[in-house]
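If you're wondering where the values come from, they're calculated on a predicted model, not measured in any experiment.
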Amino acid sequence: MSDRTAWRAAFPIRPATEAVEAIIEGWTRLAATELPQFNPRTREDKLTKALKFQVERDVARRRGLLGGWTAENVIGTVNPATGEITEQRRTDISYHWNDALQSMNLVFEFKRVGRGKGHRDHYLGPNGLERFVNGIYSEGQSVAAMVGVLLDPKDEVIPPLRKTLEEIDPNGPLQLRKTPAGTSCIDPSGLFADALFDTVHDRAPPVGPPHGSIHVSHIFLAFGYPTTTRRPRKKAAS
């Protein structure tokens with residue numbers, strides 16, 4: 001087993017999978033019908049807080065999950081010489097778990113994503129996926145999750161996003177590690193059955209794990225009713 005794959009044997013895949021399944025069950029319940037405060041127009045932070053409360057107080061309890069959940073968890077860095085806060089971020093939802101031998105902080109970063117290029121840039125850029133590479137999200141962790149909240153039909157969102165990932169310079173900000181087949185995406189996901197695909201990014205210690213890369217699973221959640229970001233055409237003047 002190579003150094004680049006040995007981390008899998010140490011990663012607590014079962015509790016991580018349970019957390020992913022709990023997130024999806026909680027979302028499915030809340031998004032089944034259009035609710036006044038939980039719908040495609042709701043801000044990301046409100047969606048994730050509501051989802052965290054639903055998962056923590058209902059889904060996780062019924063499933064017997066033993067880890068802890070946080071939403072809008074503040075993380076940051078401090079200059080020890082001055083006490084100045086040099087960086088500060090809030091993670092959307094995190095699941096913290098440990099036993100006597102293993103520990104995990106699985107971060108779920110949510111992004112509302114539609115068919116437009118601006119949505120793709122938001123999902124992949126400095127306030128999205130890039131946070132797991134150049135930011136302070138998931139420091140020292142082997143695995144993280146990007147969660148796309150679909151604002152348009154899946155077939156109009158995912159293919160252009162995948163195409164953009166394949167065209168990105170591997171040496172650019174995302175530091176994408178290509179698969180043996182030369183692609184940017186691992187499809188199907190090598191970690192979670194509920195993820196659509198994975199990407200692997202070079203990330204050196206200490207912000208990255210000892211093996212030098214972070215494995216990000218991409219999960220996409222839809223509302224249980226038709227949604228679209230396409231604006232209705234104005235009626236022509238008669």
Any side-chain heavy-atom pair of [X] and [Y] under 4.5 Å:
X    : Y    : result
W69  : V55  : yes
R131 : P126 : no
P209 : Q141 : no
L196 : I219 : no
V107 : F132 : yes

Is it true that, when you exclude R62 itself, more than 12 heavy atoms of the residues, nucleotides or ligands shown sit nearer than 6.0 Å to its CZ? yes
Any side-chain to backbone donor/acceptor pair from [X] onto [Y]? Under 3.5 Å, distance only.
X    : Y    : value
D187 : D198 : no
T183 : T179 : no
Q102 : A10  : yes
Q175 : G172 : yes
E130 : L174 : no
R112 : E44  : no
R203 : N134 : no
Y95  : G67  : yes
S189 : F192 : yes
N39  : L35  : yes

Is there a path of hydrophobic side-chain contacts, each under 4.5 Å between heavy atoms of I, L, V, M, F, W or Y residues, that connects [X] with [Y]?
X    : Y    : result
V59  : V149 : no
M104 : V200 : no
M146 : I168 : yes
I24  : L30  : yes
V207 : F11  : no

Quick one: pull up [atom1] in [X] and [atom2] in [Y] and give me the separation to the nearest 0.5 Å.
X    : Y    : atom1 : atom2 : answer
D202 : S213 : CG    : OG    : 6.5 Å
E156 : L151 : CD    : CG    : 12.0 Å
R120 : L129 : CZ    : CG    : 15.0 Å
R115 : L161 : CZ    : CG    : 14.5 Å
D99  : L101 : CG    : CG    : 5.5 Å
K46  : L51  : NZ    : CG    : 16.0 Å

Go through the structure and list residues passing salt bridge (Lys or Arg N to Asp or Glu O under 4.0 Å) with [X], not counting sequence neighbours.
X    : value
R57  : none
D194 : none
K163 : E167

Residues which pass side chain to side chain donor-acceptor pair (under 3.5 Å) with [X], listed by chain and number, not counting sequence neighbours:
X    : value
K178 : S184
T227 : none
D121 : K117

Test log, rule side chain to side chain contact (heavy atoms under 4.5 Å, CB included), inputs W97 and L65: CA-CA 9 Å; W97 177 93; L65 273 64; over 6 Å; no
Quick check on the 6.0 Å ring-centre criterion: do H215 and W7 meet it? yes
With side chain to side chain contact (heavy atoms under 4.5 Å, CB included) as the criterion, how do L106 and I93 come out once you've worked through the C-alpha distance, each side chain's angles and the decisive distance to 0.1 Å? CA-CA 8 Å; L106 182 59; I93 296 179; over 6 Å; no
Only one of F53, W27, Y225 passes ring-ring contact (aromatic ring centres under 6.0 Å, His included) with F38; say which it is. W27
Any carboxylate oxygen within less than 4.0 angstrom of a Lys/Arg side-chain nitrogen, looking at [X] and [Y]?
X    : Y    : result
K111 : E109 : yes
R63  : E25  : yes
D92  : K49  : no

Determine whether F110 and I23 satisfy the following criterion, side chain to side chain contact (heavy atoms under 4.5 Å, CB included), listing intermediate values before the conclusion. CA-CA 11 Å; F110 285 71; I23 288 286; 4.3 Å; yes
Between the side chains of T199 and H218, is a donor N or O closer than 3.5 angstrom to an acceptor N or O? yes
Determine whether T70 and H96 satisfy the following criterion, side chain to side chain donor-acceptor pair (under 3.5 Å), listing intermediate values before the conclusion. CA-CA 8 Å; T70 59; H96 311 266; 3.3 Å; yes
Hey, can you tell me if F220 and F197 have their rings parallel, tilted or perpendicular (30° and 60° cut-offs)? tilted
In sequence, state the C-alpha distance, the side-chain angles, and the governing distance for H201 and L176, and then conclude on side chain to side chain contact (heavy atoms under 4.5 Å, CB included). CA-CA 5 Å; H201 310 262; L176 276 165; 3.4 Å; yes
